[in-house]
Number of protein chains: 4
Amino acid sequence: MSSTPTFRRLPRAVREQQMLDAAVKVFSRRGYHGASMDEIADDAGISKPMVYAYLGTKEELFVACLHREGNRMTQAVTSAVAPDLSADERLWRSLRAFLGFVGAHRDGWAVLYRQARGEQPFAGEIAAMRRRIVEVVTELLDHTLRAEGREAAEVELEVAAYALVGATESVADWLVDHPEADPEQTATRMMNVAWVGAAQLLAGTSWRPPIRRGEAPS
Amino acid sequence: MSSTPTFRRLPRAVREQQMLDAAVKVFSRRGYHGASMDEIADDAGISKPMVYAYLGTKEELFVACLHREGNRMTQAVTSAVAPDLSADERLWRSLRAFLGFVGAHRDGWAVLYRQARGEQPFAGEIAAMRRRIVEVVTELLDHTLRAEGREAAEVELEVAAYALVGATESVADWLVDHPEADPEQTATRMMNVAWVGAAQLLAGTSWRPPIRRGEAPS
Amino acid sequence: MSSTPTFRRLPRAVREQQMLDAAVKVFSRRGYHGASMDEIADDAGISKPMVYAYLGTKEELFVACLHREGNRMTQAVTSAVAPDLSADERLWRSLRAFLGFVGAHRDGWAVLYRQARGEQPFAGEIAAMRRRIVEVVTELLDHTLRAEGREAAEVELEVAAYALVGATESVADWLVDHPEADPEQTATRMMNVAWVGAAQLLAGTSWRPPIRRGEAPS
Amino acid sequence: MSSTPTFRRLPRAVREQQMLDAAVKVFSRRGYHGASMDEIADDAGISKPMVYAYLGTKEELFVACLHREGNRMTQAVTSAVAPDLSADERLWRSLRAFLGFVGAHRDGWAVLYRQARGEQPFAGEIAAMRRRIVEVVTELLDHTLRAEGREAAEVELEVAAYALVGATESVADWLVDHPEADPEQTATRMMNVAWVGAAQLLAGTSWRPPIRRGEAPS
DNA sequence: GATGAATGAGACTTCATTCAT
DNA sequence: TATGAATGAAGTCTCATTCAT
């Protein structure tokens, strides 16, 4: 009858993506608790039971969103780094790719990630994601350290990683909230603060707390 | 009737503190949404209508908690820094005081702050708190910069501040989750990463993205 | 103002009874699954949250009904039996009181009990109730047995008890479904069937399966 | 197309049996309400619309199960009784066959029957089944009565039948819940309680309520 | 001032049941 | 014939919030 086909009764895979798209959008806009399954279903142009049938509970749905966006981000970062590059260069490219991705998907991964950090049900997921992020990052530090023939204590490295990741997250948040900012330039600025600090650490320049009169050294 | 006061009718200020104590405890344990006004009232040993009469809505109550804990933290930090110290020293003391405070109140400010970051109703509050934190921090950077007779663009400084604050927040979170860690030692490690980087920045050491063949500089 | 007092804001105990009354009524009429909390709340002239606040979950509510009605029944039976009566007499009075109670409360205990028997969540409760019923009954059998200087195996007694209780339950069901029937007369008829059988058993008259040619005795 | 038949397209009768098998299994395990059409269809290895096409509504499906299992039971009982036996013997054989059947199909008829008793939608079906059971049973009583040249009032007989059937149902339930029990032995025990009582009734031994001082005979 | 009693609103979730392919 | 896709309708439960005592 009509030249435009009816879009009902789509195959499962397609519908799932539509649902995830809608879910990401609504979660981003309203937050995990503020989002209602009704709105997500409406936005996906489908009835609620389908959402439950395909993607499960609200919690599971949120995790699914987090995973999909996280994978996309990871892929964007890893595909930007060739293994034959110098550690320095890989560092830079990763950061640029990461902030570039965040800037290009301002209502995607970064927002969900930020929300998930405060909610108890996602503690495990967040820990896992962070671990994966830290891995990508720490590998670079490790590489550089070993190339210089030096090493650092486990805890030492952990705190460093947390500081670097935290700094990057924070800048990513800032980027999300400043649509006018240029991701690449922001990446450059970022390199100038935290990563240069890390470089110093790697170079062996270390800072010691001053010892004052009347104050016992810890 | 009797000259000895009934201990039920406490002065308003005391009651408010009891309620805030209970609220902070419950919010920390359960999260903003997970906490119920019932549990808070119970924990404060008071009836729900009293909580509403004194501290208002759940949202207002949470903000009140955030404020009280935030003020305590701010006070702990500012009281640790004397104005006649060198910028370097003030930097170190601030960080140490901050992480010391976080470590000493593991279920207080840091937890509430972390939770509030993902929830839209608190976006304004969080922005304000961050601004206050950044102020304390940036003042130090500013001071040092000017002492060296140098200056940085507004945006440049903003990104730097976000990176530093983000790194510190992240390490604070880490500290909350690692009760066995020593705050002072952690502060030292932190200095070695991010702040040394900032020092480099202040010193004029700056990093530039490499320019490769076939790749246009941005 | 008006001479008729407003009946809102009743004390808890009163409201709980109202709710239980409504719940028993609705559960009896519609069955456990057919009943909706909405209808129960409506029928009690109260809002749903009150029902949940006072009496808990639907399942718990049903159990509460079962208990209240069960206790009433138990009390009706036990208060009809004086300890100084002969076992025979006590037997008769118990049965008469039981069927009398069932007949007088045709939408109470018996109906709930019948419903609960098929539903898995109440298996435990039903087992407990039955145990209590069997206790009241078996005590009488025990008494009589011992008075006659005889005894029976555990299993033997258990099957007998189940048969007697089942017979009584069945007759009670029949009574519920036949409003015109007279409970006392029914009790008399009942005595003539099952209890006389039990009496025979107690008297030592026992039945043996016939052994036929070509059939192995078990 | 091919001469070898596809094993997917089974004849209707076979499919229906598969479905009923699955339905009986699931209903037994989960109860009427607890069972979902999804699980039944899955268990039958068939899609839901097929179940609806073949056996109709969930309610109809349950009734179909009840019927099939009921017929099997009835057949087991009737085929165990030859018409030329004495009434006594037929009584015994029926009971033995019945409990034997129940014991051999612990997740079949008895469970469904027990469940159906509490659910209103099946009131009619249950009444009908009971009528059929009672018929088989009462026929025996009737026969014996007449052989003895005696008779009993309609109601009298009805109550007796209900008591006997209830006792048997109860023992059947007990048997279902005690897999270790031996059906035949249980049948023997059963005979010793209720049926002996019935025999007494038939023999004319009748019990009368005692008349006490100050208590009017009803 | 203080509280037990009360509720409106809405969330998530599950099913039996039916199209349209 | 057979099925994946789809949904309307309900139901249970929880919570922030406010009367009326």
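Hydrogens, waters and symmetry mates are skipped; everything else that's a heavy atom, side chains included, is used. Reminder, nothing fancy here: chain letters follow the sequence lines and each chain counts from 1. Predicted model only: the values in this text are computed from it and were never measured.
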Side chains of [X] and [Y]: closer than 4.5 Å at any heavy-atom pair?
X: C/Phe27; Y: C/Val111; answer: no
X: A/Val24; Y: A/Arg68; answer: yes
X: D/Val26; Y: D/Arg29; answer: no
X: A/Met19; Y: A/Leu61; answer: no
X: C/Glu119; Y: C/His33; answer: yes
X: D/Glu125; Y: D/Tyr113; answer: no
X: A/Leu10; Y: A/Gln18; answer: yes

Separation of [N] [atom2] from [X] [atom1] (nearest whole Å):
X: A/Arg12; N: F/dT3; atom1: CZ; atom2: C1'; result: 14 Å
X: D/Met50; N: F/dT1; atom1: CE; atom2: P; result: 6 Å
X: D/Phe62; N: E/dA16; atom1: CZ; atom2: C1'; result: 16 Å
X: D/Met19; N: F/dT1; atom1: CE; atom2: C1'; result: 11 Å
X: C/Arg30; N: F/dT12; atom1: CZ; atom2: P; result: 13 Å

If you draw the axis of the six-membered ring of B/Tyr54, does the NZ or CZ of B/Arg12 fall within 45° of it and under 6.0 Å from the ring centre? yes
Stem list for DNA chain E, please, built from Watson-Crick and G-U wobble pairs under 3.5 Å and keeping only runs of at least 3. E:2-21 with F:2-21
In residues 53-61 of chain A, which residues come under 4.0 Å of DNA chain E by heavy atom? A/Thr57, A/Lys58
What residues from residues 32-49 of chain D pass a heavy-atom cutoff of under 4.0 Å to DNA chain E? D/Ala35, D/Ser36, D/Met37, D/Lys48, D/Pro49
Give, ordered by number, those residues of residues 114-124 of chain A having at least one heavy-atom distance below 4.0 Å to an atom of DNA chain F; if nothing qualifies, reply none. none
OG (D/Ser36) and NZ (D/Lys58) are apart, to the nearest 0.5 Å, by 7.5 Å
Taken in chain and number order and not counting sequence neighbours, the residues that satisfy ring-ring contact (aromatic ring centres under 6.0 Å, His included) with B/Phe122 are B/Tyr32, B/Phe62
Nearest nucleotide by nearest heavy atom, which residue falls closer to the 5' end of DNA chain F, B/Tyr52 or A/Ala13? A/Ala13
Distance-only donor-acceptor pairs under 3.5 Å for side chains of residues 38-52 of chain C, two or more places apart:
unit_1	atom_1	unit_2	atom_2	d
C/Asp38	OD2	C/Lys48	NZ	3.4
C/Glu39	OE1	C/Arg30	NE	2.9
C/Glu39	OE2	C/Arg30	NE	3.4
C/Glu39	OE2	C/Arg30	NH2	3.2
C/Asp43	OD1	C/Lys25	NZ	3.4

Has B/Arg15 got a side-chain N or O lying under 4.0 Å from the OP1 or OP2 atom of E/dA2? yes
May I have the step-by-step check of side chain to side chain contact (heavy atoms under 4.5 Å, CB included) for A/Leu112 and A/Asp107, ending in yes or no? CA-CA 8 Å; A/Leu112 301 183; A/Asp107 55 356; over 6 Å; no
Walk me through it: do A/Arg114 and A/Asp173 pass the test salt bridge (Lys or Arg N to Asp or Glu O under 4.0 Å)? CA-CA 8 Å; A/Arg114 168 159 42 171; A/Asp173 278 357; 3.7 Å; yes
